[in-house]
Amino acid sequence: MATVDSFDAFLFNASRAFCSPLAVFIQIQGCLIVLTLALGWALAAYVRGREIRRMKSSMKSGNSFAFLTLDINELEHSNQANLPRVTVVMPLKGFGEHNLHNWRSQITSLYGGPLEFLFVVESTADPAYHAVKCLLVDFKDAVEAKVIVAGLSTTCSQKIHNQLVGVDQMHKDTKYVLFLDDDVRLHPGSIGALTTEMEKNPDIFIQTGYPLDLPSGTLGSYCIYGYHMPCSMGFATGGKTFFLWGGCMMMHANDFRTDRHCVVSGLRDGGYSDDMTLAAIAGAHKRLITSPPVAVFPHPLATDLTFPRYWNYLRKQTFVLESYTTKVNWIMNRALFTSHCYLSWGFVSPYVMAGIHVAAALRHYLKENSLEGTVMTCNGLLLVACLAVCTVIELLSMWNLTRIEVHLCNMLSPEAPQLSLASYNWCLVFIAMLVDNFLYPLSAMRSHLSQSINWSGIRYHLKDGKICKIDRHKHLVPKITDLAGKDLLGKQGSMPKVAIISTLSRTLAHWRQPKKYNI
(Lines give C-alpha, C1' and ligand atoms only; values in the text may rest on other atoms or scores of the structure.)
Protein backbone atom coordinates (compact mmCIF):
# COMPACT_ATOMS: atom_id res chain seq x y z
CA MET A 1 0.00 0.00 0.00
CA ALA A 2 2.85 2.36 0.89
CA THR A 3 4.47 1.59 -2.45
CA VAL A 4 1.24 2.49 -4.31
CA ASP A 5 0.92 5.74 -2.36
CA SER A 6 4.53 6.60 -3.11
CA PHE A 7 3.95 5.97 -6.80
CA ASP A 8 0.81 8.11 -6.78
CA ALA A 9 2.73 10.89 -5.05
CA PHE A 10 5.49 10.63 -7.66
CA LEU A 11 2.99 10.88 -10.54
CA PHE A 12 1.21 13.86 -8.98
CA ASN A 13 4.44 15.70 -8.19
CA ALA A 14 5.85 14.99 -11.65
CA SER A 15 2.65 16.16 -13.33
CA ARG A 16 2.69 19.33 -11.21
CA ALA A 17 6.37 19.92 -12.09
CA PHE A 18 5.52 19.48 -15.77
CA CYS A 19 3.03 22.34 -15.47
CA SER A 20 5.79 24.78 -14.48
CA PRO A 21 6.64 27.60 -16.95
CA LEU A 22 9.81 25.87 -18.16
CA ALA A 23 8.06 22.53 -18.67
CA VAL A 24 5.15 24.21 -20.46
CA PHE A 25 7.68 25.93 -22.74
CA ILE A 26 9.29 22.56 -23.53
CA GLN A 27 5.90 21.04 -24.35
CA ILE A 28 4.83 23.97 -26.53
CA GLN A 29 8.22 23.84 -28.25
CA GLY A 30 7.65 20.14 -28.91
CA CYS A 31 4.30 20.93 -30.53
CA LEU A 32 6.02 23.52 -32.74
CA ILE A 33 8.69 20.97 -33.78
CA VAL A 34 5.96 18.49 -34.69
CA LEU A 35 4.04 21.11 -36.69
CA THR A 36 7.24 22.21 -38.45
CA LEU A 37 7.82 18.64 -39.59
CA ALA A 38 4.23 18.48 -40.81
CA LEU A 39 4.68 21.73 -42.77
CA GLY A 40 7.96 20.53 -44.30
CA TRP A 41 6.37 17.29 -45.44
CA ALA A 42 3.38 19.19 -46.83
CA LEU A 43 5.68 21.37 -48.94
CA ALA A 44 7.63 18.32 -50.10
CA ALA A 45 4.35 16.61 -51.02
CA TYR A 46 3.38 19.68 -53.07
CA VAL A 47 6.63 19.50 -55.08
CA ARG A 48 6.30 15.75 -55.73
CA GLY A 49 2.58 16.09 -56.45
CA ARG A 50 3.21 18.88 -58.95
CA GLU A 51 5.42 16.51 -60.93
CA ILE A 52 2.64 13.89 -60.92
CA ARG A 53 0.21 16.48 -62.28
CA ARG A 54 2.69 17.41 -65.02
CA MET A 55 3.09 13.76 -66.01
CA LYS A 56 -0.67 13.21 -66.12
CA SER A 57 -1.12 16.35 -68.20
CA SER A 58 1.54 15.18 -70.63
CA MET A 59 -0.10 11.75 -70.89
CA LYS A 60 -3.49 13.35 -71.64
CA SER A 61 -1.78 15.27 -74.43
CA GLY A 62 -0.80 11.96 -76.02
CA ASN A 63 2.67 11.40 -74.54
CA SER A 64 2.71 7.72 -73.68
CA PHE A 65 6.33 8.04 -72.58
CA ALA A 66 5.77 10.67 -69.88
CA PHE A 67 7.57 8.38 -67.43
CA LEU A 68 10.72 9.01 -69.50
CA THR A 69 10.30 12.68 -70.42
CA LEU A 70 7.58 15.30 -70.38
CA ASP A 71 8.65 16.52 -73.82
CA ILE A 72 8.08 13.71 -76.30
CA ASN A 73 10.21 15.54 -78.87
CA GLU A 74 13.25 14.63 -76.80
CA LEU A 75 12.72 11.02 -77.91
CA GLU A 76 13.30 11.95 -81.55
CA HIS A 77 16.21 10.00 -83.03
CA SER A 78 18.07 13.23 -83.83
CA ASN A 79 17.97 14.22 -80.15
CA GLN A 80 18.79 10.77 -78.85
CA ALA A 81 21.82 10.52 -81.13
CA ASN A 82 23.32 13.65 -79.58
CA LEU A 83 22.97 12.61 -75.95
CA PRO A 84 26.23 12.73 -73.96
CA ARG A 85 28.04 9.64 -72.70
CA VAL A 86 27.35 8.73 -69.08
CA THR A 87 29.38 6.38 -66.90
CA VAL A 88 27.63 4.80 -63.92
CA VAL A 89 29.99 3.83 -61.09
CA MET A 90 28.63 1.44 -58.46
CA PRO A 91 30.85 0.53 -55.49
CA LEU A 92 29.72 -2.89 -54.27
CA LYS A 93 30.05 -4.63 -50.93
CA GLY A 94 28.32 -7.92 -50.15
CA PHE A 95 25.30 -9.57 -51.73
CA GLY A 96 21.72 -9.39 -50.40
CA GLU A 97 18.13 -10.22 -51.18
CA HIS A 98 17.38 -7.06 -53.18
CA ASN A 99 20.68 -6.59 -55.01
CA LEU A 100 19.81 -8.43 -58.22
CA HIS A 101 16.57 -6.50 -58.64
CA ASN A 102 18.36 -3.20 -57.97
CA TRP A 103 21.24 -3.95 -60.34
CA ARG A 104 18.80 -5.03 -63.02
CA SER A 105 16.86 -1.76 -62.69
CA GLN A 106 20.13 0.13 -63.14
CA ILE A 107 21.57 -1.64 -66.18
CA THR A 108 18.22 -1.75 -68.01
CA SER A 109 17.89 2.03 -68.06
CA LEU A 110 16.10 3.47 -71.10
CA TYR A 111 18.66 6.23 -71.50
CA GLY A 112 19.19 6.70 -75.23
CA GLY A 113 22.80 7.90 -75.21
CA PRO A 114 26.08 6.03 -74.75
CA LEU A 115 26.07 4.43 -71.32
CA GLU A 116 28.56 2.26 -69.46
CA PHE A 117 28.32 0.59 -66.05
CA LEU A 118 31.30 -0.01 -63.81
CA PHE A 119 30.71 -2.36 -60.88
CA VAL A 120 33.62 -1.90 -58.48
CA VAL A 121 34.44 -4.45 -55.75
CA GLU A 122 37.21 -4.65 -53.20
CA SER A 123 38.30 -8.15 -54.23
CA THR A 124 37.11 -11.27 -56.01
CA ALA A 125 36.36 -12.79 -52.59
CA ASP A 126 33.45 -10.35 -52.18
CA PRO A 127 30.15 -12.26 -52.68
CA ALA A 128 29.00 -9.41 -54.94
CA TYR A 129 31.75 -10.18 -57.47
CA HIS A 130 30.39 -13.53 -58.65
CA ALA A 131 26.76 -12.40 -58.40
CA VAL A 132 27.22 -9.40 -60.67
CA LYS A 133 29.41 -11.46 -63.02
CA CYS A 134 26.51 -13.89 -63.51
CA LEU A 135 24.08 -11.03 -64.08
CA LEU A 136 26.29 -9.40 -66.71
CA VAL A 137 26.59 -12.70 -68.59
CA ASP A 138 22.81 -12.63 -69.03
CA PHE A 139 22.92 -9.00 -70.27
CA LYS A 140 26.21 -9.13 -72.21
CA ASP A 141 24.62 -8.25 -75.57
CA ALA A 142 22.38 -5.52 -74.17
CA VAL A 143 24.62 -3.33 -72.00
CA GLU A 144 28.18 -2.04 -71.81
CA ALA A 145 29.35 -3.09 -68.38
CA LYS A 146 32.30 -4.59 -66.53
CA VAL A 147 33.42 -5.54 -63.05
CA ILE A 148 36.51 -3.84 -61.63
CA VAL A 149 38.56 -5.11 -58.70
CA ALA A 150 39.78 -2.02 -56.84
CA GLY A 151 41.93 -3.55 -54.11
CA LEU A 152 42.15 -2.31 -50.53
CA SER A 153 41.89 1.34 -49.58
CA THR A 154 44.74 2.84 -47.57
CA THR A 155 43.98 6.56 -47.31
CA CYS A 156 40.18 6.81 -47.43
CA SER A 157 37.03 4.74 -46.94
CA GLN A 158 36.68 1.64 -49.11
CA LYS A 159 33.58 3.08 -50.79
CA ILE A 160 35.42 6.26 -51.83
CA HIS A 161 38.40 4.19 -52.98
CA ASN A 162 36.10 2.08 -55.18
CA GLN A 163 34.48 5.20 -56.61
CA LEU A 164 37.80 6.81 -57.51
CA VAL A 165 39.09 3.60 -59.12
CA GLY A 166 35.90 3.51 -61.20
CA VAL A 167 36.40 7.13 -62.25
CA ASP A 168 39.97 6.36 -63.31
CA GLN A 169 38.70 3.65 -65.65
CA MET A 170 35.69 5.43 -67.15
CA HIS A 171 35.53 5.98 -70.91
CA LYS A 172 37.62 8.86 -72.25
CA ASP A 173 34.52 10.42 -73.85
CA THR A 174 32.39 10.30 -70.70
CA LYS A 175 30.80 13.68 -69.97
CA TYR A 176 28.92 12.83 -66.78
CA VAL A 177 29.63 10.28 -64.07
CA LEU A 178 26.79 8.92 -61.93
CA PHE A 179 27.63 7.36 -58.57
CA LEU A 180 25.00 4.90 -57.36
CA ASP A 181 24.77 2.76 -54.24
CA ASP A 182 23.93 -0.87 -54.92
CA ASP A 183 20.69 -0.54 -52.93
CA VAL A 184 19.27 2.11 -55.29
CA ARG A 185 16.38 0.95 -57.47
CA LEU A 186 16.34 3.19 -60.53
CA HIS A 187 13.41 4.10 -62.75
CA PRO A 188 13.76 3.56 -66.53
CA GLY A 189 14.06 7.31 -67.14
CA SER A 190 16.14 8.31 -64.10
CA ILE A 191 19.51 8.59 -65.87
CA GLY A 192 17.91 10.51 -68.73
CA ALA A 193 16.18 12.93 -66.34
CA LEU A 194 19.41 13.63 -64.44
CA THR A 195 21.38 14.11 -67.68
CA THR A 196 18.76 16.46 -69.13
CA GLU A 197 19.02 18.75 -66.11
CA MET A 198 22.83 18.74 -66.33
CA GLU A 199 22.61 19.70 -70.01
CA LYS A 200 20.10 22.48 -69.34
CA ASN A 201 22.20 24.06 -66.59
CA PRO A 202 25.97 23.59 -66.91
CA ASP A 203 26.42 25.43 -63.59
CA ILE A 204 25.15 22.39 -61.70
CA PHE A 205 28.00 20.86 -59.72
CA ILE A 206 26.14 17.78 -58.41
CA GLN A 207 22.70 16.34 -58.95
CA THR A 208 21.28 14.09 -56.27
CA GLY A 209 18.14 12.27 -55.18
CA TYR A 210 16.77 10.48 -52.13
CA PRO A 211 15.40 7.04 -51.24
CA LEU A 212 11.83 6.16 -50.38
CA ASP A 213 12.18 3.54 -47.65
CA LEU A 214 9.93 0.50 -47.88
CA PRO A 215 9.83 -0.88 -44.30
CA SER A 216 9.85 -4.66 -44.00
CA GLY A 217 7.70 -4.77 -40.86
CA THR A 218 10.37 -4.84 -38.14
CA LEU A 219 10.82 -1.99 -35.68
CA GLY A 220 14.35 -1.54 -36.97
CA SER A 221 13.13 -0.94 -40.53
CA TYR A 222 10.56 1.59 -39.32
CA CYS A 223 13.28 3.38 -37.36
CA ILE A 224 15.25 3.72 -40.61
CA TYR A 225 12.13 5.12 -42.29
CA GLY A 226 11.60 7.51 -39.37
CA TYR A 227 15.21 8.65 -39.60
CA HIS A 228 15.10 9.32 -43.35
CA MET A 229 11.72 11.06 -43.57
CA PRO A 230 12.69 14.38 -41.89
CA CYS A 231 15.76 14.50 -44.18
CA SER A 232 13.62 13.85 -47.27
CA MET A 233 12.06 17.31 -47.22
CA GLY A 234 15.49 18.83 -47.97
CA PHE A 235 15.61 16.84 -51.22
CA ALA A 236 12.05 17.55 -52.36
CA THR A 237 12.77 21.13 -53.41
CA GLY A 238 12.43 20.55 -57.14
CA GLY A 239 15.72 22.37 -57.65
CA LYS A 240 18.47 23.90 -55.53
CA THR A 241 19.31 22.19 -52.26
CA PHE A 242 22.13 22.18 -49.73
CA PHE A 243 21.83 18.47 -49.03
CA LEU A 244 23.52 15.58 -50.78
CA TRP A 245 22.83 11.85 -50.69
CA GLY A 246 25.75 9.60 -51.59
CA GLY A 247 23.43 6.93 -52.99
CA CYS A 248 22.82 9.02 -56.13
CA MET A 249 25.24 11.71 -57.32
CA MET A 250 25.73 12.85 -60.92
CA MET A 251 28.77 15.05 -61.60
CA HIS A 252 30.85 16.38 -64.48
CA ALA A 253 33.51 13.82 -65.42
CA ASN A 254 36.01 16.60 -66.14
CA ASP A 255 35.81 17.73 -62.51
CA PHE A 256 37.53 14.45 -61.66
CA ARG A 257 39.94 14.49 -64.60
CA THR A 258 41.23 17.93 -63.62
CA ASP A 259 40.72 17.55 -59.84
CA ARG A 260 38.63 20.70 -59.89
CA HIS A 261 38.07 22.16 -56.43
CA CYS A 262 40.24 19.25 -55.20
CA VAL A 263 37.35 16.80 -55.54
CA VAL A 264 39.71 13.87 -56.06
CA SER A 265 42.34 14.79 -53.48
CA GLY A 266 39.65 15.83 -50.99
CA LEU A 267 38.05 12.41 -51.23
CA ARG A 268 41.25 10.39 -51.53
CA ASP A 269 43.26 12.00 -48.74
CA GLY A 270 41.44 10.90 -45.60
CA GLY A 271 37.87 11.06 -46.91
CA TYR A 272 35.33 9.05 -44.91
CA SER A 273 31.95 10.15 -46.29
CA ASP A 274 31.61 10.83 -50.02
CA ASP A 275 28.48 12.97 -49.77
CA MET A 276 29.58 15.04 -46.76
CA THR A 277 32.98 15.72 -48.35
CA LEU A 278 31.49 16.76 -51.70
CA ALA A 279 28.78 18.85 -50.04
CA ALA A 280 31.50 20.66 -48.08
CA ILE A 281 33.44 21.31 -51.31
CA ALA A 282 30.28 22.60 -53.00
CA GLY A 283 29.62 24.94 -50.08
CA ALA A 284 33.19 26.22 -49.92
CA HIS A 285 33.23 27.06 -53.64
CA LYS A 286 29.58 28.17 -53.82
CA ARG A 287 28.72 25.47 -56.35
CA LEU A 288 25.18 24.39 -57.13
CA ILE A 289 23.58 21.15 -55.89
CA THR A 290 20.15 20.28 -57.27
CA SER A 291 17.60 17.53 -56.72
CA PRO A 292 15.03 16.97 -59.51
CA PRO A 293 11.49 16.17 -58.33
CA VAL A 294 11.61 12.78 -60.11
CA ALA A 295 14.77 11.72 -58.25
CA VAL A 296 13.06 9.60 -55.61
CA PHE A 297 13.95 5.92 -55.59
CA PRO A 298 12.28 2.90 -53.94
CA HIS A 299 14.52 1.51 -51.21
CA PRO A 300 13.32 -1.89 -49.95
CA LEU A 301 14.73 -2.69 -46.52
CA ALA A 302 15.82 -6.16 -45.47
CA THR A 303 13.03 -8.40 -44.21
CA ASP A 304 15.15 -9.37 -41.19
CA LEU A 305 16.38 -5.88 -40.31
CA THR A 306 16.81 -6.16 -36.56
CA PHE A 307 17.04 -3.38 -34.01
CA PRO A 308 20.80 -3.89 -33.40
CA ARG A 309 21.42 -3.48 -37.13
CA TYR A 310 19.43 -0.25 -37.08
CA TRP A 311 21.62 0.96 -34.21
CA ASN A 312 24.77 0.15 -36.22
CA TYR A 313 23.37 2.12 -39.16
CA LEU A 314 22.54 5.09 -36.92
CA ARG A 315 26.08 5.02 -35.53
CA LYS A 316 27.47 5.28 -39.06
CA GLN A 317 25.14 8.15 -39.88
CA THR A 318 26.06 10.18 -36.81
CA PHE A 319 29.75 9.42 -37.31
CA VAL A 320 29.83 11.41 -40.58
CA LEU A 321 29.49 14.60 -38.54
CA GLU A 322 32.92 13.87 -37.08
CA SER A 323 34.55 14.11 -40.52
CA TYR A 324 35.33 17.50 -42.04
CA THR A 325 37.60 19.14 -44.60
CA THR A 326 37.97 22.74 -43.39
CA LYS A 327 37.46 24.80 -40.23
CA VAL A 328 34.21 26.18 -41.65
CA ASN A 329 33.06 22.64 -42.39
CA TRP A 330 33.90 21.67 -38.79
CA ILE A 331 31.79 24.57 -37.48
CA MET A 332 28.88 23.55 -39.72
CA ASN A 333 29.09 19.95 -38.52
CA ARG A 334 29.17 21.05 -34.87
CA ALA A 335 26.11 23.21 -35.52
CA LEU A 336 24.32 20.24 -37.13
CA PHE A 337 25.40 18.01 -34.24
CA THR A 338 24.07 20.43 -31.60
CA SER A 339 20.84 21.38 -33.34
CA HIS A 340 19.94 17.80 -34.28
CA CYS A 341 20.53 16.55 -30.74
CA TYR A 342 18.52 19.45 -29.26
CA LEU A 343 15.62 19.00 -31.67
CA SER A 344 15.61 15.21 -31.26
CA TRP A 345 15.18 15.33 -27.51
CA GLY A 346 12.96 18.39 -27.91
CA PHE A 347 10.72 16.12 -29.98
CA VAL A 348 10.72 13.25 -27.48
CA SER A 349 10.44 15.19 -24.18
CA PRO A 350 6.81 16.35 -24.61
CA TYR A 351 5.67 12.77 -25.14
CA VAL A 352 7.38 11.67 -21.92
CA MET A 353 5.66 14.52 -20.09
CA ALA A 354 2.35 13.68 -21.76
CA GLY A 355 2.66 10.10 -20.52
CA ILE A 356 3.13 11.35 -16.96
CA HIS A 357 0.13 13.70 -17.28
CA VAL A 358 -2.11 10.90 -18.55
CA ALA A 359 -0.94 8.46 -15.86
CA ALA A 360 -1.49 11.08 -13.13
CA ALA A 361 -4.96 11.84 -14.48
CA LEU A 362 -5.92 8.17 -14.48
CA ARG A 363 -4.74 7.73 -10.89
CA HIS A 364 -6.49 10.93 -9.86
CA TYR A 365 -9.88 9.91 -11.19
CA LEU A 366 -9.59 6.46 -9.65
CA LYS A 367 -9.18 8.02 -6.21
CA GLU A 368 -10.66 10.98 -4.37
CA ASN A 369 -8.12 13.79 -4.44
CA SER A 370 -7.93 17.49 -3.69
CA LEU A 371 -9.17 20.37 -5.85
CA GLU A 372 -5.54 21.36 -6.41
CA GLY A 373 -4.88 17.96 -7.93
CA THR A 374 -7.89 18.36 -10.23
CA VAL A 375 -6.62 21.73 -11.49
CA MET A 376 -3.12 20.37 -12.09
CA THR A 377 -4.52 17.34 -13.89
CA CYS A 378 -6.73 19.47 -16.16
CA ASN A 379 -3.83 21.75 -17.06
CA GLY A 380 -1.68 18.74 -17.88
CA LEU A 381 -4.39 17.13 -20.00
CA LEU A 382 -4.81 20.39 -21.94
CA LEU A 383 -1.15 20.19 -22.94
CA VAL A 384 -1.62 16.51 -23.82
CA ALA A 385 -4.58 17.35 -26.04
CA CYS A 386 -2.56 20.00 -27.89
CA LEU A 387 0.26 17.53 -28.47
CA ALA A 388 -2.17 14.85 -29.64
CA VAL A 389 -3.71 17.18 -32.23
CA CYS A 390 -0.26 18.19 -33.49
CA THR A 391 0.79 14.53 -33.70
CA VAL A 392 -2.26 13.59 -35.77
CA ILE A 393 -1.50 16.48 -38.16
CA GLU A 394 2.13 15.35 -38.38
CA LEU A 395 1.29 11.71 -39.12
CA LEU A 396 -1.28 12.74 -41.74
CA SER A 397 1.33 14.93 -43.44
CA MET A 398 3.87 12.12 -43.29
CA TRP A 399 1.32 9.66 -44.70
CA ASN A 400 0.40 12.08 -47.49
CA LEU A 401 4.03 12.59 -48.58
CA THR A 402 4.66 8.85 -48.55
CA ARG A 403 1.43 8.26 -50.52
CA ILE A 404 2.45 10.80 -53.15
CA GLU A 405 6.01 9.46 -53.43
CA VAL A 406 4.68 5.90 -53.79
CA HIS A 407 2.34 7.10 -56.55
CA LEU A 408 5.19 8.99 -58.26
CA CYS A 409 7.45 5.92 -58.14
CA ASN A 410 4.67 3.80 -59.63
CA MET A 411 4.23 6.27 -62.49
CA LEU A 412 7.99 6.47 -63.13
CA SER A 413 8.28 2.66 -63.27
CA PRO A 414 5.02 1.53 -64.90
CA GLU A 415 6.46 -1.91 -65.78
CA ALA A 416 7.61 -2.71 -62.24
CA PRO A 417 5.47 -4.32 -59.51
CA GLN A 418 3.38 -1.51 -58.06
CA LEU A 419 4.25 -0.18 -54.62
CA SER A 420 1.54 0.19 -51.98
CA LEU A 421 0.93 1.95 -48.69
CA ALA A 422 -0.99 -1.04 -47.39
CA SER A 423 2.10 -2.54 -45.74
CA TYR A 424 2.89 0.56 -43.66
CA ASN A 425 2.02 0.27 -39.96
CA TRP A 426 1.49 3.84 -38.76
CA CYS A 427 1.49 2.93 -35.08
CA LEU A 428 4.97 1.50 -35.58
CA VAL A 429 5.93 4.62 -37.53
CA PHE A 430 5.04 6.79 -34.52
CA ILE A 431 6.88 4.52 -32.08
CA ALA A 432 9.89 4.38 -34.40
CA MET A 433 10.08 8.18 -34.56
CA LEU A 434 10.18 8.38 -30.77
CA VAL A 435 12.84 5.67 -30.58
CA ASP A 436 14.97 7.17 -33.34
CA ASN A 437 14.89 10.70 -31.91
CA PHE A 438 15.67 9.41 -28.43
CA LEU A 439 18.67 7.38 -29.63
CA TYR A 440 20.13 9.92 -32.06
CA PRO A 441 21.84 12.12 -29.41
CA LEU A 442 23.21 9.01 -27.68
CA SER A 443 24.64 7.73 -30.96
CA ALA A 444 26.04 11.15 -31.86
CA MET A 445 27.74 11.50 -28.49
CA ARG A 446 29.25 8.04 -28.71
CA SER A 447 30.59 8.80 -32.20
CA HIS A 448 32.10 12.04 -30.92
CA LEU A 449 33.84 10.34 -28.03
CA SER A 450 35.05 7.25 -29.90
CA GLN A 451 36.32 8.84 -33.15
CA SER A 452 36.23 5.38 -34.75
CA ILE A 453 33.61 3.26 -36.51
CA ASN A 454 33.23 -0.27 -37.87
CA TRP A 455 31.85 -0.01 -41.41
CA SER A 456 31.22 -3.42 -43.02
CA GLY A 457 34.11 -5.06 -41.20
CA ILE A 458 36.60 -2.20 -41.59
CA ARG A 459 37.37 0.03 -38.61
CA TYR A 460 38.17 3.63 -39.51
CA HIS A 461 39.87 6.00 -37.08
CA LEU A 462 39.60 9.77 -37.50
CA LYS A 463 42.01 12.52 -36.59
CA ASP A 464 41.27 16.16 -37.37
CA GLY A 465 38.24 15.06 -39.38
CA LYS A 466 40.11 12.70 -41.70
CA ILE A 467 40.86 8.98 -41.72
CA CYS A 468 44.24 8.41 -40.11
CA LYS A 469 44.15 4.65 -39.56
CA ILE A 470 42.35 1.66 -41.09
CA ASP A 471 42.04 -1.69 -39.29
CA ARG A 472 41.05 -4.88 -41.04
CA HIS A 473 40.59 -8.02 -38.95
CA LYS A 474 38.34 -11.01 -39.54
CA HIS A 475 36.63 -10.58 -36.17
CA LEU A 476 35.47 -7.10 -37.26
CA VAL A 477 33.51 -8.39 -40.25
CA PRO A 478 29.77 -8.80 -39.51
CA LYS A 479 27.99 -11.63 -41.27
CA ILE A 480 25.53 -9.26 -42.95
CA THR A 481 25.19 -5.51 -43.56
CA ASP A 482 22.76 -3.30 -41.67
CA LEU A 483 20.06 -2.12 -44.11
CA ALA A 484 20.04 -4.54 -47.03
CA GLY A 485 21.11 -7.62 -45.06
CA LYS A 486 23.87 -8.32 -47.56
CA ASP A 487 26.18 -11.27 -47.02
CA LEU A 488 29.73 -9.97 -46.47
CA LEU A 489 31.53 -13.26 -45.90
CA GLY A 490 30.35 -15.84 -48.41
CA LYS A 491 32.70 -18.78 -48.95
CA GLN A 492 36.21 -18.28 -50.19
CA GLY A 493 36.22 -18.74 -53.93
CA SER A 494 32.60 -19.87 -54.05
CA MET A 495 29.76 -18.47 -56.07
CA PRO A 496 26.51 -17.12 -54.49
CA LYS A 497 23.44 -19.10 -55.33
CA VAL A 498 21.97 -17.00 -58.10
CA ALA A 499 21.35 -19.80 -60.59
CA ILE A 500 17.71 -20.00 -59.54
CA ILE A 501 16.99 -16.55 -60.91
CA SER A 502 19.37 -16.80 -63.84
CA THR A 503 16.68 -18.00 -66.23
CA LEU A 504 14.30 -15.30 -65.03
CA SER A 505 16.87 -12.56 -65.63
CA ARG A 506 17.45 -13.80 -69.19
CA THR A 507 13.72 -13.44 -69.82
CA LEU A 508 13.67 -9.98 -68.31
CA ALA A 509 16.64 -8.99 -70.45
CA HIS A 510 14.29 -9.02 -73.42
CA TRP A 511 11.35 -7.55 -71.49
CA ARG A 512 13.28 -4.52 -70.19
CA GLN A 513 15.92 -4.29 -72.92
CA PRO A 514 17.18 -0.69 -73.34
CA LYS A 515 15.92 0.82 -76.55
CA LYS A 516 15.88 4.12 -78.42
CA TYR A 517 12.54 5.42 -79.61
CA ASN A 518 12.20 6.80 -83.08
CA ILE A 519 9.13 9.00 -83.05
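Just so you know, these numbers come straight off a predicted model, no measurement behind them.
Judged by distance alone, with hydrogens and angles left aside, the side-chain atoms of T87 form no donor-acceptor pair with the main-chain N or O of V177 at under 3.5 Å. Under a 3.5 Å cut-off, the side chain of T155 and the backbone N or O of R268 do form a donor-acceptor pair.
Taking the six-membered ring wherever Trp is involved, the centroid distance between the rings of Y176 and F256 does not fall below 6.0 Å.
Under 3.5 Å, the side chains of D436 and Y310 contain a donor-acceptor pair of N or O atoms. Side-chain polar atoms of H261 and R287 form a donor-acceptor pair below 3.5 angstrom. Between N312 and R315, the side chains place no donor N or O within less than 3.5 Å of an acceptor N or O (distance only, hydrogens not considered).
Judged by the 6.0 Å distance and 45° axis criteria, R309 is not positioned over the aromatic ring of W311.
With T402 as reference, Y225 is the one residue of W426, Y424, Y225, W41 to meet the side-chain hydrogen bond (donor to acceptor under 3.5 Å, both in side chains) rule.
Here R334 pairs with E322 in a salt bridge; the nearest charged N to carboxylate O distance falls below 4.0 Å.
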Query raised in the report: H448 and F319: ring-ring contact (aromatic ring centres under 6.0 Å, His included), yes or no, with the steps?
Result: CA-CA 7 Å; H448 179 66; F319 190 75; over 10 Å; no
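Note on ring orientation: taking the six-membered ring where Trp is involved, the planes of Y324 and W330 are perpendicular (angle over 60°, cut-offs 30° and 60°). Using cut-offs of 30° and 60° for the angle between ring planes, the Y272 and Y460 rings count as perpendicular.
Counting non-hydrogen atoms of other residues, nucleotides and ligands closer than 6.0 Å to CZ of F438 gives a total of 12 or fewer.
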